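Quick caveat: nothing in here was measured; it's all calculated off a predicted structure. All ligand and atom numbering here is 1-based and tracks the order in the structure. All residue numbers in this chain count up from 1 along the given sequence.
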Amino acid sequence: MLKICNIVIVGGEGDLAFRKLYPALYSLHKENLLADCTKVFGFGRGKFTPEDFLAHMREWTESSDYVKEVDDESWAGFCERVIHFVGDATSPEDLRRLQGDMGAEEIVFYLSTPPSIFAPICRAMGEAGVVSDTTRLVVEKPLGSSLESFDEINDTLFETFDENQIYRIDHYLGKETVQNLLALRFSNIFFEPLWNRNYIDHVQITVAESVGAGGRWSYYNESGALRDMVQNHLLQLVCLVAMEFPARNKADDIRDEKLKIIRCLKPIDGSNVQGLTVRGQYSEGYIGQEIVPGYEQEQDAEGKSNTETFVAIKAEIENNRWQGVPFYLRTGKRMSNRYSEIVIQFKPVIFKFIDMDPNALQNNQLVIRLQPNEGIEMKMMNKVPGLSESTRLQQVGLNLSFEEAFDDHRSPSAYERLLLDVTRGDQTLFMRSDELRGAWKWVDGMINGWDLTKQAAKSYRAGSTGPDDALGLLIKDGRKWQDFSA
Ligand code: BG6
């Protein structure tokens with residue numbers, strides 16, 4: 001049974017709403033995943049006329065990578081659901097007027113607004129009496145810039161909502177390939193016995209982007225790669241790779257296990273930050289054939305900055321399964337290409353056949369490609385066919401491309417998954433406040449460490465794989481990053 005609930009997008013005339021939310025809702029509508037009575041309220045200040053609003057919505061929906069085709073019939077049906085509601089979301093009176101236009105009992109409020117106005121909006125909702133036990137609230141990052149500011153935001157949400165009503169988005173959790181991590185680990189028998197410090201040498205997680213920070217420079221400059229990407233997306237990936245089997249397949253059981261990993265992260269602070277982290281900032285360079293400006297020369301740049309657009313971290317999880325297995329994380333803007341993957345590097349085999357060339361032996365590797373070309377590759381040693389006296393070895397990959405394996409399936413966008421789960425009341429793919437508090441605590445340690453040690457962001461050329469020091473982070477451990485420049 002599809003749940004009837006109204007979805008109110010506050011900030012409904014904003015960028016995120018047009019680029020991601022309406023296209024995702026259209027896809028859900030087209031796939032008959034929204035109940036007939038479900039209405040979508042695009043709550044905005046009246047920047048658009050109703051006609052322009054719909055035209056804009058269609059334009060963005062047509063250009064979405066995830067919407068294969070917008071056909072007139074289903075679009076007309078979708079438009080019947082959508083109501084362009086003009087008002088001020090901090091005004092209880094306007095919220096009451098909104099409620100008057102709604103029929104169903106359940107409401108999802110999606111705050112697609114800057115967090116600075118979460119508090120007045122939530123207070124106005126409370127005052128207007130539009131919040132009941134079944135009301136849900138969806139909030140987007142950035143949820144704070146430190147543990148302290150996260151707590152402040154959270155406390156204002158808690159004045160009106162309970163934890164089980166709050167859906168904190170990390171869009172990485174909505175990605176198909178990220179959800180597949182748990183399916184892969186827990187539905188294949190051969191991973192579990194090997195998934196520990198006895199067999200795994202280290203793990204690498206790379207999230208590289210070729211885009212720069214231009215266009216949102218002032219936000220980014222306050223944030224930097226550590227807060228913007230590591231605190232949320234990369235740490236969530238670490239959790240999914242490292243967590244134990246949950247007691248049950250329920251939201252809180254899964255989130256309990258993720259929290260345990262966050263709690264086991266070895267603190268990084270002024271005493272060890274310089275040896276365990278590398279900060280970088282891009283300078284002018286080429287992305288493909290195109291010359292792109294350096295971070296401080298972006299059009300909307302506001303001058304000199306020590307903000308990192310790249311960060312590499314050697315993280316360690318201090319528990320029985322992972323003690324001594326480094327998790328190397330790196331993420332950056334203006335890297336040579338858009339590329340996200342997780343590499344599980346196994347240890348070498350213990351016993352080597354005498355007639356094999358020991359130098360040809362390479363460790364097994366499991367590569368999980370998150371984007372683009374989503375898939376999984378298991379790199380294994382094989383005998384090269386032939387009659388030579390000694391056994392010749394070569395590493396080859398067992399390669400599974402999701403696109404080829406599931407060519408009759410459409411891969412939904414992260415926002416489709418997440419919006420659908422909110423309407424179903426499933427919090428599994430949303431972050432609980434204790435997870436985020438733990439993540440902020442870990443990140444705060446590093447930021448304080450950088451301040452204390454005055455660790456500068458090293459320059460790296462746009463279109464490269466980051467600053468040289470990032471290579472050094474692994475070289476000094478006798479390891480190397482997986483190549484991604486090809
Ligand atoms: C966002 C960050 O959360 O994720 C952006 O704020 C980043 O800076 C984006 O570009 C990356 O998301 P994706 O889905 O393109 O990998």
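- In this structure the side chain of Asp269 never reaches within 4.5 angstrom of the side chain of Asn448, judged on heavy atoms.
- Ring centroid separation for the pair Phe18 and Phe48 comes in under the 6.0 Å cut-off.
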What are the atom names and distances for all N or O pairs under 3.5 Å between ligand 1 and the protein?
unit_1	atom_1	unit_2	atom_2	d
ligand 1	3 (O)	Lys141	NZ	2.8
ligand 1	3 (O)	His233	NE2	2.7
ligand 1	4 (O)	His233	NE2	3.4
ligand 1	6 (O)	Lys141	NZ	2.8
ligand 1	6 (O)	Arg216	NH2	3.0
ligand 1	6 (O)	Asp228	OD1	2.6
ligand 1	6 (O)	Asp228	OD2	3.3
ligand 1	8 (O)	Arg216	NH1	2.8
ligand 1	8 (O)	Asp228	OD2	2.6
ligand 1	8 (O)	Lys333	NZ	2.7
ligand 1	10 (O)	Glu209	OE1	3.3
ligand 1	10 (O)	Glu209	OE2	2.5
ligand 1	10 (O)	Lys333	NZ	3.1
ligand 1	12 (O)	His171	NE2	3.1
ligand 1	14 (O)	His171	NE2	2.8
ligand 1	14 (O)	Lys175	NZ	2.6
ligand 1	15 (O)	Arg338	NH2	3.3
ligand 1	16 (O)	Tyr172	OH	2.5
ligand 1	16 (O)	Gln371	NE2	2.9

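- Residues passing the side-chain contact (heavy atoms from CB on, under 4.5 Å) test with Ser218 are Glu302, sequence neighbours excluded.
- Side chains of His84 and Glu13 form a contact here, defined as non-hydrogen atoms less than 4.5 Å apart.
- The aromatic rings of Phe53 and Tyr22 stand perpendicular to each other, their planes meeting at an angle above 60°, with 30° marking the opposite boundary.
- Aromatic ring centres of Phe310 and Tyr282: separated by at least 6.0 Å.
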